[in-house]
Q: 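A single structure is presented below for examination.
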Amino acid sequence: MSRTLRVSVRNAKYQQWETLLRNRTKRHRAGSFLVQGVRPISLAVEHGWTIEALLYDADRARLSDWAQGLLERPHIEQAAVSGELLAELGEKDEQAPELIAQVKIPQQKLADIATRPDWLGIVIDRPTSPGNVGSLIRSADAFGADAVVVTGRNAADPYDPKAVRASTGSLFAMPVVSAASAHEVVEWARKQEHAPVVIGTDEAGERALSEHDLRGPTLLVIGNETAGMAKSWFELADATARIPMSPKAASSLNAANAGSVALYEAARQRS
């Protein structure tokens, strides 16, 4: 039988949930994060992620069949949370969501990823915006990538609620792993049976991205929103490619947009 907690005040349990939203260090120490929204929660369940708890609106007269179906799953802790508090955890100004899920952070590592002849991955190097991370995960899923790697010890967290929302559930559909540096990623890549070609992207790249053969195992690298790729990527990548832009352009592409264009080009070649 599932256990049901009742939370109507900002007690220690509520503060713990709030911490999972706001504090990256404590989120990873606890090993879980909060998931908001019907589609992301459904995809987390569909892809077999561990649901540690389901928080539902205790003030709602009737929950939907979708919510009731999830609450009927055995061995998941349930919490009946007042509508006001659930709205705060759902980060909504208006009506509280029906459900919020507390989900276990998987212990995925680079070493767990295996490549194949048509493998495609993307590195997001030292991103500062959780929204950009989530958007790139969404694009990676849309264009058939097999994995997303986030590099940098202080990089934006894929399990930040802004990243989870921006991914619209794609976070749950593919491996998303963290690595400390370019050296760690390239060392892993070189050891693979189907070693991916590592292609960095930079506006001063040697050739246009479309001139590179992206049909074999490929790892695309997208740099930081402001500074671009770390120096080590220029030294370690097999090639550096540019995304052609209009000479009239006032600025370079946003990191998430640049990554989406690069992933599209790989998908176009493979089609």
Side-chain angles (χ1 to χ4, degrees), residues 24 28 33 47 49 105-116 118-160 162-164 166-167 170-202 209 212 214 216-225 227-241 254-267:
R24 174 188 181 141
H28 283 268
F33 64 113
H47 289 283
W49 287 50
I105 295 175
Q107 299 302 308
Q108 298 181 112
K109 305 182 295 296
L110 264 176
D112 299 326
I113 297 175
T115 60
R116 60 177 192 272
D118 62 347
W119 186 87
L120 176 63
I122 187 165
V123 171
I124 315 173
D125 181 39
R126 300 166 302 130
T128 58
S129 165
N132 279 343
V133 171
S135 294
L136 260 174
I137 292 170
R138 181 179 182 180
S139 293
D141 184 25
F143 291 119
D146 298 290
V148 175
V149 182
V150 180
T151 54
R153 298 186 186 280
N154 297 312
D157 183 14
Y159 302 104
D160 183 288
K162 292 178 183 176
V164 178
S167 83
S170 290
L171 172 68
F172 306 107
M174 66 170 59
V176 177
V177 302
S178 296
S181 66
H183 290 275
E184 181 182 344
V185 177
V186 173
E187 183 180 359
W188 162 82
R190 300 291 183 255
K191 290 179 179 178
Q192 299 305 302
E193 179 181 357
H194 303 287
V197 175
V198 179
I199 299 180
T201 56
D202 186 78
L209 184 63
H212 291 268
L214 307 178
T218 303
L219 183 62
L220 301 166
V221 183
I222 303 300
N224 169 272
E225 293 93 336
M229 294 191 304
K231 182 180 178 181
S232 52
W233 281 114
F234 288 94
E235 298 168 351
L236 294 169
D238 297 303
T240 305
N254 166 279
N257 291 338
S260 297
V261 169
L263 287 162
Y264 169 78
E265 176 58 25

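Numbering starts at 1 and runs along the sequence shown. Treat the numbers as computed from the prediction; the structure is a model and nothing was measured.
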Q: Please report the interatomic distance CE(M174) to CD1(I113), rounded to the nearest 0.5 Å.
A: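 It is 10.5 Å, given to the nearest 0.5 Å.
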
Q: Which atom names give the shortest non-hydrogen contact between T151 and S181, and what distance separates them?
A: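 Closest heavy-atom pair between T151 and S181: CG2-O, 4.2 Å.
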
Q: Is there a donor-acceptor pair closer than 3.5 Å between any side-chain N or O of T115 and the backbone N or O of H194?
A: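 At least one qualifying donor-acceptor pair exists.
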
Q: With side chains defined as the heavy atoms from C-beta onward, is the minimum distance between R116 and P217 less than 4.5 Å?
A: no

Q: At their closest point, which heavy atom of P158 faces which heavy atom of V164, and how far apart are they?
A: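 Closest approach of P158 to V164, heavy atoms only: O-CG2, 3.7 Å.
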
Q: Of the non-hydrogen atoms in A189 and A195, which two are nearest, and what is the gap between them?
A: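 For A189 and A195, the tightest heavy-atom pair comes out as O-CB, 3.4 Å.
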
Q: Looking at V185, T201, D202, which hits side chain to side chain contact (heavy atoms under 4.5 Å, CB included) with W233?
A: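 For W233, the side chain to side chain contact (heavy atoms under 4.5 Å, CB included) check succeeds only for V185.
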
Q: Could you walk me through whether K109 and D112 satisfy the salt bridge (charged side-chain N to carboxylate O under 4.0 Å, His left out) test, starting with their C-alpha distance in whole Å, then the side-chain angles of each, then the deciding distance to 0.1 Å, before giving a yes or no?
A: CA-CA 5 Å; K109 305 182 295 296; D112 299 326; 3.7 Å; yes

Q: Check V177 against L110 and note the closest heavy-atom contact, atom names and distance.
A: CG2-CD2, 4.1 Å

Q: Look at the side chain of R126 and the backbone N and O of E225, then say whether any donor-acceptor pair between them is shorter than 3.5 Å.
A: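 No: the side chain of R126 does not pair with the backbone of E225.
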
Q: Tell me which one of V221, L219, T240, L214 satisfies side chain to side chain contact (heavy atoms under 4.5 Å, CB included) with I199.
A: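 Only one option passes, and that is L214.
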
Q: Name the residue from V150, V149, L136 that meets the side chain to side chain contact (heavy atoms under 4.5 Å, CB included) definition with V123.
A: V149

Q: Quick check against the 3.5 Å criterion: does D146 have a side-chain atom that pairs as donor or acceptor with the backbone of G121?
A: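 No; judged by distance alone, with no hydrogens or angles, the pair does not exist.
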
Q: How far apart are the closest heavy atoms of S170 and D141, and which atoms are they?
A: OG-OD2, 2.7 Å

Q: Classify the angle between the aromatic ring planes of Y159 and H28 as parallel (below 30°), tilted (30 to 60°) or perpendicular (above 60°).
A: perpendicular

Q: Could you state the interatomic distance from CG (L236) to CZ (R190), rounded to the nearest 0.5 Å?
A: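 CZ of R190 is found 7.5 Å from CG of L236.
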
Q: If I take atom CG from residue D118 and atom OG1 from residue T218, how far apart are they, to the nearest 0.5 angstrom?
A: 9.5 Å

Q: Under 3.5 Å, side chain of E265 to main-chain N/O of L209, donor-acceptor pair present?
A: no

Q: Return the minimal non-hydrogen interatomic distance between A262 and I222, and the atom names on each side.
A: CB-CD1, 4.5 Å

Q: Okay, side chain of D125, backbone of A230: is any donor-acceptor separation there less than 3.5 Å?
A: yes

Q: Distance check, rounded to the nearest 0.5 Å: S139 atom OG versus Y264 atom OH?
A: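 So the gap between those two atoms works out to 13.5 Å.
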
Q: With a 4.5 Å limit on heavy-atom distance, are the side chains of L120 and F143 in contact?
A: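 Counting from C-beta outward, L120 and F143 never come under 4.5 Å.
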
Q: As an exercise, state the distance from OG of S129 to CG of N254, rounded to the nearest 0.5 Å.
A: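 Taking OG in S129 and CG in N254, the distance rounds to 7.5 Å.
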
Q: Should the heavy atoms of other residues, nucleotides or ligands under 6.0 Å from CZ of R138 be counted, would the total exceed 12?
A: no

Q: Can you tell me how far apart CE (M229) and CD (E235) are? Round to the nearest 0.5 Å.
A: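 Spacing of CE (M229) from CD (E235) equals 10.5 Å.
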
